[in-house]
Structures are given as C-alpha cells and as structure tokens.
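Read the numbers this way: they start at 1 and go in the same order the structure lists the ligands and their atoms. Only a predicted model underlies this, so the values are computations on that prediction, with no experimental measurement involved.
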Amino acid sequence: MHLFLLLILQATAAIGQIDPAHCRYPLGMEDGRIKDDALKASSQWHETTGPQYARLNREEGHGAWCPAAQPSVSQYLEVDLGRLTFLTVIGTQGRYIRNSGNEFAREYRVNYSRDGKLWKSWRNRQGNEVNAYNSVIKDLRPPIVTRYVRLLPVTRLSTTICMRVELYGCSWDDGLISYSAPEGQRMQPPGYPIANLNDSTYDGVHERGKLFGGLGQLTDGVIGQDDFTRTHEYSVWPGYDYLGWKNDSLEHVEMEFVFDRQRNFTSMKVHSNNMFSRDVKIFSSVSCWFKPHFVWEAEPVEFRTVLDDRNPSARYVTVDLNHRTAKSLRCRFYFADVWMMFSEISFQSGNKHTHVQTKVQNTSVTPDDGKTPILIGCLVTIILLLVIIIFLILWCQYVCKVLEKTLIKQALVFPTACGGGYAEPDITQCTPHQCFHSNAPHYAETDIVRLQGVTGSNMYAVPALTVDSLTRKDISAAEFPRQQLIFREKLGEGQFGEVHLCEAEGLPEFLGEGSPLPDRDGHSVLVAVKQLRADATSQARNDFLKEIKIMSRLNDPNIIRLLCVCVSSDPLCMVTEYMENGDLNMFLSQREIESTLTHANNIPSVSLSDLLHMAVQISSGMKYLASLNFVHRDLATRNCLLDRRLTIKIADFGMSRNLYSSDYYRIQGRAVLPIRWMAWESILLGKFTTASDVWAFGVTLWEIFTLCKEQPYSLLSDEQVIENTGEFFRNQGRQIFLYAPPLCPPSLFELMMRCWSRDIPDRPTFEGLYQALKPHVNQS
Ligand code: ADE
C-alpha cells in the first residue's frame, strides 16, 4: 500500500510538473530506503558510530555517525543516492543517545558529485563557497543535481561532533548531466539598471568566455519573468534568472547538452524571454545535431519559430526533435533580435517527459531512469482495465442470471408435452421457441406423440404425427377382449388413469406361437393394464393412443413390452407385461448391501454384483432406445421395473404413482419436471437429447449405488437445485456434484462424473457406457 501511494505520489508529481519548491521529499535516510551500503565515511570513532548510524531520528548503534579524528573539512559522511537527484534540502541532527549525548555539528559543508569522481563544492546563489550552516533544516539555494553527497562537519572547538542526516529532494529524470554555452553577458542600456545575464550557479568550468562540464541556472527550476530585470530570488541582481547573449559578438549561440545515456528525443523546450520593447526576442530558428555514440551525425534537425511582436510574455518554445537518438546534442540558436535570453531548457525523450524546470519528485532511491510517465500510463491503463473487467464480470453475471431465470421460467412453464417421455432428438428436441409460441400451447399437438401422459406426465415423441391422423390402423398391437382381463389389484394411479394388475385369460393363445409369453402365476397370465379414465380429456385420449403406437414399436429385453390393447371401446387400455418386483427404487430402498450380517439376520439384501448387473441392463435398454433415436426424458430408478428374476425393464410411469411426486418440480401447478435427474441444458434450454438421457443415467447409477436411500441432492431445495444448474452451465467449479457413494467403485464414479459433463461431447454414449459397465459384472 505504501509503495502504491509512493507510485501515485510520483505519478501525480510527474503530471503536476512539480517545481523545486515542492520537490522536498525525504530521500530515505530515516526510513532506510537508502541502504547501509550506500553510506560511507572518511572515518568513524567506533564501530557503533559508523556511517550507517547517521540516520535522522534513529537511535541505533551509538546514535549517530561520529568521525574518528577531530573534525576538519577532511572528515565527511558520504551518501550515494543511487541515481541523479534534484537535492533541495538537508536536515541534520546531533547525537542524543537517549538524552545522554549532545555532540553535534554546528556547521558543515556540502560537496557533491554526479559521477562519484569529480567532486564539487556547493556554492550559494551569490557564487560563494559557503562552508557552514547552523540550522537543522537547510534549504539548498540553489538546489543541486547530484548522485553522491558529502557532508563535511566543521567545528572550531576541539569537541567530538556527530551527525544524523536526512536528505530531501526528488529524482532528476532528465538525465542531462551537463551543458556548455557561451558565458552570459551584461546588458548596460542607458537609463536602465545593469542586467547581469550570466549563469551564476553554473557548477562547471568557466574558460575563455565559455561554460562547459556543468549545470546551472538553465536547470535550477526557476523560470524567468516576463520582465527579465525582475527576479524570483531576493538579494540578487537584475537579470539573475536569465542567461543572455547579444548578437554583436555572436552570430548564434551554440550549446552542447550531454546526457547520462543514449535517449530518443522527441522535443526540446526552451524557456525564452520575449520582451521586444527591450530588444529581446525568442530565437528565430535553431539547428540541432545529434551524437548517438562517438561521431556527430551530419544531418541536423532544423526548426523555425513563429515570432511574436505582440505578446511580450516569456514562454516555452517547443522544438520538435523528430525522435532522433543521441547521447549528446549540439544546438545553434539564431537571434531574432539584439538579445536572446533563456531561463530553462528541458528535453523530452522517448515516452519519458524530461523537464529541467519541473522535477519529478521521488521518495525512493531505486533508479527508475525516468520511467515515471510510463509508470503512470501503465497504472492508469491497469486501473481502467480492472474497472472494465469488473464491469464486464458484473454485467455478465447479471445478464446470465436474467437469461437463466428467463430460461428456467420458460422451461418450467413448459407444459407436460415437453416435460418427459421419449423423443427423437434431432427432429423433436424441445426448444423454447417451439414450446412457447404464443398461439401454440405446446408442440405436442403437432409434433409429439404423447404416450403415457394419461396415467403419467411423460410421453414418447415421434415426428410429424398429428392428432387427427392417428387412427386404429396406426396401432400395430392386437385388440384383446377386455372381458378376459380379470382385475386383481391396483398398482398405481395418475391424473388421467390407473394401472391394475390383471389376470389375462387366454392370452398365450391370443398372442400365438412364437410370441414370448409373460410369466405365469400358476395357470393364469398376470399382466399390468393401464387404463384411461372415462372422463379423460380428448388430449389425454390422443396421448394415450400415441403412447400405444410408440410402445408397440419397441422390442428389447430391457424395455417394458406392450402385449395387447383394448381400444375398440372405452375405457382405452394397454396391456403390458407384469413385473413382480415392482420398481427399482422401491426394491433397492428396502434392501441392504449383502454381508454376513444380512445373511445372519435374514435382512433382504443385494450384492454389488446385483447392482452392477442392474446398471448394465439399464444401459443396455437405453442403448436400444438411443439406437432408435428415442429420448426417454425421465430415466430414473422409479421408472425401471424388475421381474421375478431381477431382470430390469425400463418403463415410464411419470406421475402415475403419487409416491414419487417429490421427485418432480411443479411450477404454477402445471409442468412437472424431474429436475434432479435433468441435464443443465434440459432445465435451462428445454433441450432433451440422448445426451441428456445419459446425464439422467448417471443420476440413476448414483441412486443404485446409494441403494435409493436418499434423493439426489437431498440437502438442496428444488430452487437450490435450479441454482446449481446455473453453476453447471457456468462451469466455474462452483457446481455441486453428487457425492461418490461409498459402495461405488471409483472407476464407476468417474463414469458417473463423465455423464455430468457440462459439454455434451464429453459425455459418454450409451454404447460406451454399456461396454464400460459390462466387464464389471463378472469381476465382482
Ligand atoms: N406398475 C405399473 N406398471 C407395472 C408393471 N408393468 N408391472 C408391475 N407394476 C407396474
């Protein structure tokens, strides 16, 4: 967080063009950003008074740096700031060691070096080498551009002196390490005070009318005023802020700029006076040459200014440097009038903005090579990206939720026609569009044949079979004399009908030779008779006939078999084989897994092998349905029947028995959906396919291996199951899967999990399931 604030601070500084008055940030002596190895001293009194203890307000060691010898200007504390720094303030303290010491330096000098080799003495604005201060916080006027600083304590008394220090300033990102120029001149117009336009803070060499190897007023951060005779500093002379030249002795002003490293220059800004009433104007043109390595390039960049005789304001003139690369620049400025005066020069290189007048403040000693503006750009971009991403995520979540709710609503108001039964996937998949057309209550009327909608909620589906076209000749099952059906008991009941156990007299003879006979109870043949109520709607009646039509086409050892029908008169009946052991759910829920305990206590039990055999049979029946492109839509243990020999046959009872009503989710009293067995796409999109049957098969397996002792997702309410469906759809790892039943072999649970793959192609086929399950039977 601290770092982040520092970055923000730096960024703000760069944008806000901070001047030396604001560039007063502690550089890291006190808070340790300046490391011990950046501190050196000419000597130390004791190892506990080494330079590493010269930190303002810190009491480590013996509380300060104390040199070994009697202080003289030869003793120094050296700080390596790690990079070029615009140093504006020095703070010093003595040694107090918890109030027991009072050694301090009343005075000290400041030396500095940009490269660690050439050392210079700091001078005040008057150009005097001042050797002593007596204040604790001292503003450096002028500030220094430096990397290395030496403080040299001075005392006239023969006492021990100690120092603790903080340095203040900001990073010097320009990278300009020296400029050369002709010496500034004096203006002595009659009737005006003399203006001395020299570079009085220049810290390089003055030789034969030339300045070289240093920095000075053009980089001190002070912009000259419109009237060049007025100054920002007190007790300085007129023209102090400007470096100025007259055209009588010079054809042009040539300056050379040397940088710390090669840079790609975009522009140069020259702050110039334009007081034309005193014969001063900005330059008329400038030519700059570039030295990338050792040789000057021949081709200069030339720039012509637009002269202004109306506005006498001093101003920055921006010179385009065309992205030329160089470590040194030589520029020739041409006069537009008698005088030319500059107060600041700055360079913009690469995507970095360097400005001699405005320094980027810095509270870190890590070199950044002027990357602050890049940093700002990155920070702003990152923040913007984050905001956009957060917005998109929230928006997506919102849209997904709304979409999901709409789809769920649509899927759930879906009438029973789409709610179950067998369907041909490619032709008669329920889609919201098909199912919710405003004038078509449900597409069953045109596309789907309802089969067990009478006694249950489910149906089989076949394409393009209309109600009107369905007649007796479409039904291939034979008409059985209803008086030969002798009622024994009621097996189940639904909204439009009942299922009875009946004795079918003469059925073997009726069905004829070669026809597989149902089991016999002694001499009589027991059958299940599904019968439509006399008061059933015409819709239910048609669905009943369609169910018969489809069932009469199915012929598989693991699918319940239609034996005959009674449709020539009411009530309509269909006769199927009778399954003595009832449905698989009831069967398993009343049993325990086989063990010595179940044997000893005669508890009804099943073996693991029985369970696997059941799984194989169901997969086989489903494989058959899938091969005919029939979609069941309600595969579950409650819809699998068992005969005496534990052969399983898939049937479809839907709501024919109120017993399992909690397995169906009812919406507004209309649709009933087995949501706990349904794939996400069936719930959300109303899409039923063989792949969604595979999903249901996975849940059926899970039921088998929990011995139907628990409803799937028993801890979730119906609403939570639907929410969980949304998670299956989003597939972000938040969906709740059914747990691995303890009885279930791991490889089998893996198979179940594959059935619940979010992506349809990742789910196994029934053929694959059958092949995978079959070998387990013999192994167990
Ligand atoms: N309940 C409904 N149909 C049945 C059948 N065919 N056998 C046994 N019980 C049933």
Open item on the list: If the test is side-chain hydrogen bond (donor to acceptor under 3.5 Å, both in side chains), which one of T706, T700, N585 qualifies with T637?
Closed with: N585
Task: Proximity winner for atom 8 (C) of ligand 1, if only heavy atoms of R561, E498, K490, M579 are counted - done: M579
Task: Any donor-acceptor N or O pair under 3.5 Å, side chains Y770, Q617 - done: no
Open item on the list: Assess, by modelled atom type and distance only, whether the side chains of W695 and E681 contain a donor and an acceptor separated by less than 3.5 Å.
Closed with: no
Task: Non-hydrogen atom of E577 closer than 4.0 Å to ligand 1 - done: yes
Enumerate the atoms of ligand 1 whose separation from the nearest heavy atom of [X] is less than 4.0 angstrom.
{"X": "T576", "value": "6 (N)"}
{"X": "V499", "value": "2 (C), 3 (N)"}
{"X": "Y578", "value": "7 (N), 8 (C)"}
{"X": "L641", "value": "4 (C), 5 (C), 6 (N)"}

TODO: Not counting sequence neighbours, list each pair that qualifies as a salt bridge (Lys or Arg N to Asp or Glu O under 4.0 Å) and has a residue in residues 584-605.
DONE: none
Open item on the list: Is the contact between L501 and ligand 1 made by the side chain, the backbone, both, or neither, using heavy atoms and a 4.0 Å cut-off?
Closed with: neither
Open item on the list: According to side-chain contact (heavy atoms from CB on, under 4.5 Å), who are the partners of L394, at least two apart in sequence or on a separate chain?
Closed with: I390, Q397
Task: Atom pair CG (L584) and CE (M579), whose distance is rounded to the nearest 0.5 Å - done: 10.5 Å
